[in-house]
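Atoms within a ligand are numbered from 1 in the order they appear, just like the ligands themselves.
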Amino acid sequence: MLQQKLPIRTLVFLGLCQFGQRGLASAPELRDQPKKIAIVGAGIGGTAAAYFLRQEFGASVKIDIFETGTVGGRLATENIAGAEYETGGAIIHPLNLHMKHFVDKLGLNPRKDVPSKMAIFDGKELMFEESDWFIVNILRLLWRYGFNFLRMYMWVEGILDKFMRIYQYQQFGYAFSSVDRLLHAMGGDAFLTLANQTLEEAMMGEGFSQSFLNDIVAPVTRVNYGQSVRINGFVGAVSLAGADSGLWAVDGGNKRVCSGLLYHSKAELIQARVTAIAIKHRSSKSGNSVNLYEVNYSSQSGSAHSLYDIVIVATPLHQGLSDIAFVGFSPLVPSHFPGRYHQTVATLVHGLLNVSYLGSGADPAHFLYSDILTTDHKWLDIQSLSSLDPVSIPPGYVRSPASQPGVWKVFSPRPLTQEQLSAIFASWDVVSERRWLAYPAYSPPHRGTPPFELHEHLYYLNAMEWAASAMEMSAISARNLALLAHHRWHGQAPKVDQEDLHTRLRGEL
Ligand SMILES: Cc1cc2nc3c(=O)[nH]c(=O)nc-3n(C[C@H](O)[C@H](O)[C@H](O)COP(=O)(O)OP(=O)(O)OC[C@H]3O[C@@H](n4cnc5c(N)ncnc54)[C@H](O)[C@@H]3O)c2cc1C
Ligand SMILES: *[C@@H]1O[C@H](CO)[C@@H](O)[C@H](O)[C@H]1NC(C)=O
Ligand SMILES: *[C@@H]1O[C@H](CO)[C@@H](O)[C@H](O)[C@H]1NC(C)=O
Ligand SMILES: *[C@@H]1O[C@H](CO)[C@@H](O)[C@H](O)[C@H]1NC(C)=O
């Protein structure tokens with residue numbers, strides 16, 4: 001038989017492919033397909049939603065995607081001295097499977113790798129310097145922190161293992177109606193607890209030492225989320241996974257994934273700001289009343305509005321970040337789920353670093369640290385300082401030592417003053433500042449995460465950020481909402497919020 005000749009991996013792969021088509025081929029046609037879907041926001045979340053919605057609902061549905069700023073949102077580049085550099089979301093983990101899939105599917109490439117070296121600055125001196133020699137690093141860390149490092153690696157690995165389950169669930173078409181249910185499906189009650197306590201509590205509970213938390217973990221949460229070890233344990237683990245090896249970025253800029261997904265999904269980009277979303281009741285042919293959403297939007301060419309069957313809000317609803325009025329119902333966000341976004345200012349500087357600022361007596365010609373993390377001290381004005389490589393690495397590129405002018409990125413909670421700039425840099429010729437409301441200010445314990453469903457057929461993608469904010473998290477949320485929207489539309493309850501999927505699906509593979 002043919003089947004016996006096919007290796008098991010191929011069979012699994014073919015099985016998964018067929019499941020990928022499920023929405024189109026075998027969905028019971030309980031009602032007509034939706035005619036029009038609106039997406040608000042063309043960041044990675046909104047564009048990934050367009051991609052997955054097209055997959056679920058097929059070629060005939062019209063998908064409009066509204067964007068008031070630029071496609072890419074928090075994935076953005078800045079031109080400094082003739083080259084482009086990432087100013088927002090920069091790094092991608094090797095196990096971020098949706099991002100990987102997008103890059104493959106869109107014919108993009110990972111950016112060429114440039115070796116990097118890390119150091120940790122405590123406001124006075126470099127308290128840790130990575131060596132070129134792997135064994136030297138290991139010995140230094142063992143000396144100071146015992147087996148904390150190895151244990152951290154194993155702890156994060158254990159969480160990552162469970163995290164990876166989401167890809168299998170999604171491949172089989174399962175969706176979740178809330179962030180908490182999604183977290184629970186991945187890692188059970190342990191994940192819910194992790195997301196509702198601080199990283200500090202979680203790691204102290206696991207027996208990690210306070211000095212390890214202060215010296216090593218805090219610098220990592222500061223560079224990734226601008227916050228201390230009191231962020232929630234789940235986003236903390238995501239952050240620590242971001243200290244793994246094999247991190248990558250998209251050649252030409254991460255935002256290229258967004259424009260690629262937009263094009264691939266054949267969604268129509270409407271350059272306008274959505275001002276209001278209102279419920280309209282219409283009676284259908286069968287005499288039943290159906291809800292439609294009237295989306296009002298304004299652009300340079302004036303205001304307009306349009307009706308949709310399904311709406312996905314793919315932009316934060318906190319702090320007036322999106323400024324959308326809801327009419328005919330009141331969504332619980334942000335009223336019942338208050339919160340704010342943390343400001344991270346990304347300052348890109350083309351200039352000469354003053355290595356004395358770092359308390360280093362090193363000859364700048366031999367100073368080669370590319371990523372300088374910081375400990376959590378009141379007297380430190382910066383979260384991190386990194387030497388940047390352009391989004392496309394030219395042939396023969398090598399990072400220049402600190403004795404030559406280069407492009408540096410400083411993350412800080414507030415804009416840098418001239419005094420602060422002249423303390424860090426001996427000289428500079430270009431400064432470009434971008435103030436982000438970057439990611440939620442995490443302060444567990446919390447009342448709960450915002451809902452995915454704001455109203456019937458109206459979904460909120462960025463609820464996910466309250467577990468953890470990252471490109472991949474937005475992509476996972478996008479796939480979840482495309483599946484959820486599909487199942488809700490066709491009344492396929494058995495595909496939503498199933499318990500114990502992990503054990504049930506184990507037999508399937
Ligand atoms: C400085 C910084 C560093 C980061 N580093 C990383 C990293 O290294 N790795 C990582 O994975 N993640 C990182 N992140 C997080 C990551 O960038 C975000 O989680 C992700 O990009 C969010 O994407 P999104 O599409 O959900 O939201 P957004 O990118 O914010 O997209 C929302 C879009 O909606 C638009 N919009 C808002 N209101 C309206 C309206 N009323 N009408 C129409 N359009 C509207 C906005 O203009 C925006 O383009 C970082 C973020 C920042 C700011
Ligand atoms: C949306 O636009 C229409 C047409 O201009 C207008 O009648 C309606 O009041 C607007 N709705 C909201 C909530 O602004
Ligand atoms: C570099 O920093 C040191 C110490 O902060 C300072 O004394 C020195 O003047 C700075 N050098 C330049 C060129 O700015
Ligand atoms: C988080 O924990 C607090 C107390 O520690 C509790 O009151 C709250 O209900 C929890 N939130 C969730 C969503 O479980």
Handout entry: N/O separation below 3.5 Å, Tyr439 to ligand 1
Key = no

Problem - Sub-4.0 Å heavy-atom contact, Cys258 with ligand 1 - result: no

Handout entry: Lys124 NZ/CZ over Trp379 ring centroid, <6.0 Å and within 45° of normal
Key = yes

Practice task
Taking Arg111 for its side chain and Pro390 for its backbone only, find out whether a donor-acceptor pair lies under 3.5 Å.
Solution key: yes

Exercise for the section: Using a 4.5 Å cut-off on heavy atoms from C-beta on, say whether the side chain of Ser360 contacts that of Tyr369. Expected result: no

Completion exercise
atom 28 (P) of ligand 1 sits nearest the protein heavy atom Arg74 NE, 3.6 Å

Practice task
Check whether any N or O atom of Ile324, backbone or side chain, sits under 3.5 Å from an N or O atom of ligand 1, and answer yes or no.
Solution key: no

Handout entry: Amino acids contacting ligand 2, non-hydrogen cut-off under 4.0 Å
Key = Ala276, Glu294, Asn296, His305, Val327

Exercise for the section: Identify, by atom number and element, the atoms of ligand 1 in contact range of Val40, meaning under 4.0 Å from any of its heavy atoms. Expected result: 40 (C), 42 (N), 43 (C)

Handout entry: Under 3.5 Å: N/O of Ile44 near N/O of ligand 1
Key = yes

Handout entry: Polar contact flag for Arg273 and ligand 1 (N/O pairs, less than 3.5 Å)
Key = no

Practice task
For ligand 1, find out whether one of its N or O atoms is nearer than 3.5 Å to an N or O atom of Glu67.
Solution key: yes

Practice task
Would you please indicate if the ring centroids of Phe121 and Tyr357 are separated by under 6.0 Å?
Solution key: yes

Handout entry: Atoms in ligand 3 with a heavy atom of Ala426 nearer than 4.0 Å
Key = 13 (C), 14 (O)

Handout entry: Test item: Phe66 and Ile39 side chains (from C-beta on) under 4.5 Å apart, heavy atoms
Key = no

Practice task
Decide whether an N or O pair under 3.5 Å exists between Ala90 and ligand 1.
Solution key: yes

Handout entry: Sequence neighbours excluded - salt bridge (charged side-chain N to carboxylate O under 4.0 Å, His left out) pairs with any residue from residues 293-320
Key = Lys280-Glu294

Exercise for the section: Kindly indicate whether the side chain of Gln197, heavy atoms from C-beta on, has any atom under 4.5 Å from the side chain of Asn232. Expected result: no

Exercise for the section: If you have a sec, work out which protein heavy atom is nearest atom 40 (C) of ligand 1 and how many Å separate them, to one decimal? Expected result: Val274 N, 3.7 Å

Exercise for the section: Would you mind checking which non-hydrogen protein atom is closest to atom 31 (O) of ligand 1, with the distance to 0.1 Å? Expected result: Gly43 CA, 3.6 Å

Practice task
Evaluate the salt bridge (Lys or Arg N to Asp or Glu O under 4.0 Å) criterion for residues Asp376 and Arg222: first the C-alpha distance (whole Å), next the side-chain angles of each, then the deciding distance (0.1 Å), finally the verdict.
Solution key: CA-CA 8 Å; Asp376 200 357; Arg222 282 168 62 82; 3.3 Å; yes

Fill in the blank from the handout: residues 454-472 vs salt bridge (charged side-chain N to carboxylate O under 4.0 Å, His left out), sequence neighbours excluded, gives Arg74-Glu465

Exercise for the section: Could you name the option among Val295, Leu75, Thr68, Ile277 that has the heavy atom nearest to atom 39 (C) of ligand 1? Expected result: Thr68

Exercise for the section: Using distance alone, with no hydrogens and no angle criterion, decide if His281 and Asn291 have a side-chain donor and acceptor under 3.5 Å apart. Expected result: yes

Problem - Nearest neighbour in protein (non-hydrogen) for atom 53 (C) of ligand 1 - result: Ala438 CB, 3.3 Å

Practice task
Examine ligand 1 and decide if any of its atoms is less than 4.0 Å from a heavy atom belonging to Gly242.
Solution key: no

Handout entry: Backbone or side-chain N or O of Ser322 under 3.5 Å from ligand 1 N or O
Key = yes

Practice task
Using only heavy-atom distances, determine whether the side chains of Ser356 and Asn354 contain a donor-acceptor pair under 3.5 Å.
Solution key: yes

Practice task
Please write down residue, atom name and distance for the protein heavy atom closest to atom 16 (C) of ligand 1.
Solution key: Met471 N, 4.1 Å

Problem - Identified ring-ring contact (aromatic ring centres under 6.0 Å, His included) partner of His318 from the options Trp466, Tyr439, Phe337 - result: Trp466

Problem - Nearest non-hydrogen protein atom, atom 18 (C) of ligand 1 - result: Ser469 OG, 3.8 Å

Completion exercise
Per-atom filter on ligand 1: closer than 4.0 angstrom to a heavy atom of Gly72 are 29 (O)

Fill in the blank from the handout: Within 4.0 Å of some non-hydrogen atom of Gly45, the atoms of ligand 1 are 24 (P), 25 (O)

Practice task
Assess Thr70 for proximity to ligand 1: is some non-hydrogen atom of it under 4.0 Å away?
Solution key: yes

Handout entry: Plane angle bin for Phe52 and Phe102 - parallel if under 30°, tilted between 30 and 60°, otherwise perpendicular
Key = tilted

Exercise for the section: Please verify whether a non-hydrogen atom of Ala346 lies at under 4.0 Å from ligand 1. Expected result: no

Handout entry: Which of the ligand 1 atoms, numbered from 1, are nearer than 4.0 Å to a heavy atom of Ser474
Key = 22 (C), 23 (O), 24 (P), 26 (O)

Handout entry: Heavy-atom side-chain contact between Arg273 and Asp323 under 4.5 Å
Key = yes

Problem - Minimum-distance protein heavy atom relative to atom 6 (C) of ligand 1 - result: Gly89 CA, 3.3 Å

Fill in the blank from the handout: Sorted by chain and number, sequence neighbours left out, salt bridge (Lys or Arg N to Asp or Glu O under 4.0 Å) with Arg340 holds for none

Exercise for the section: Return a yes/no value for Asn462: is any of its N or O atoms, backbone included, closer than 3.5 angstrom to an N or O of ligand 1? Expected result: yes

Handout entry: Top protein contact for atom 37 (C) of ligand 1, by heavy-atom distance
Key = Thr315 OG1, 3.1 Å

Practice task
May I ask you to identify, for Asn96, whether its side chain, its backbone, both or neither come under 4.0 Å of ligand 1 on a heavy-atom basis?
Solution key: neither

Exercise for the section: May I ask you to check whether Ser356 has an N/O atom sitting below 3.5 Å from an N/O atom of ligand 3? Expected result: no

Practice task
Using distance alone, with no hydrogens and no angle criterion, decide if Ser298 and Ser303 have a side-chain donor and acceptor under 3.5 Å apart.
Solution key: no

Fill in the blank from the handout: Contact region, Ala470 to ligand 1, non-hydrogen atoms below 4.0 Å, reads both

Exercise for the section: Decide yes or no for Pro405 and His350: does some side-chain heavy atom of the first lie under 4.5 Å from some side-chain heavy atom of the second? Expected result: yes

Practice task
Give the numbers and elements of all ligand 1 atoms closer than 4.0 Å to a heavy atom of Phe66.
Solution key: 43 (C), 44 (N)

Handout entry: Non-hydrogen atom of Phe411 closer than 4.0 Å to ligand 1
Key = yes

Problem - Options Ala478, Gly73, Ala314, ranked by nearest heavy atom to atom 32 (C) of ligand 1, top entry - result: Ala314

Practice task
Find out whether Ile270 and Ile65 are in side-chain contact, i.e. whether some heavy atom of one side chain is under 4.5 Å from a heavy atom of the other.
Solution key: no

Problem - For Gly69, the ligand 1 atoms whose distance to one of its heavy atoms is below 4.0 Å - result: 47 (O)

Problem - Contact (N/O only, under 3.5 Å) between Ile91 and ligand 1 - result: yes

Handout entry: Sole candidate of Lys266, His101, His264 that passes side chain to side chain donor-acceptor pair (under 3.5 Å) when paired with Tyr51
Key = His101

Handout entry: Close side-chain approach of Phe234 to Leu199, heavy-atom, < 4.5 Å
Key = no

Practice task
Answer whether the closest heavy-atom distance between the side chains of Gln170 and Ile476 falls below 4.5 Å.
Solution key: yes

Practice task
Drop me the distance from Ser477's OG to Leu182's CG, to the nearest 0.5 angstrom.
Solution key: 8.0 Å

Exercise for the section: Could you verify whether a donor N or O on one side chain and an acceptor N or O on the other, from Thr87 and Lys409, lie under 3.5 Å apart? Expected result: no

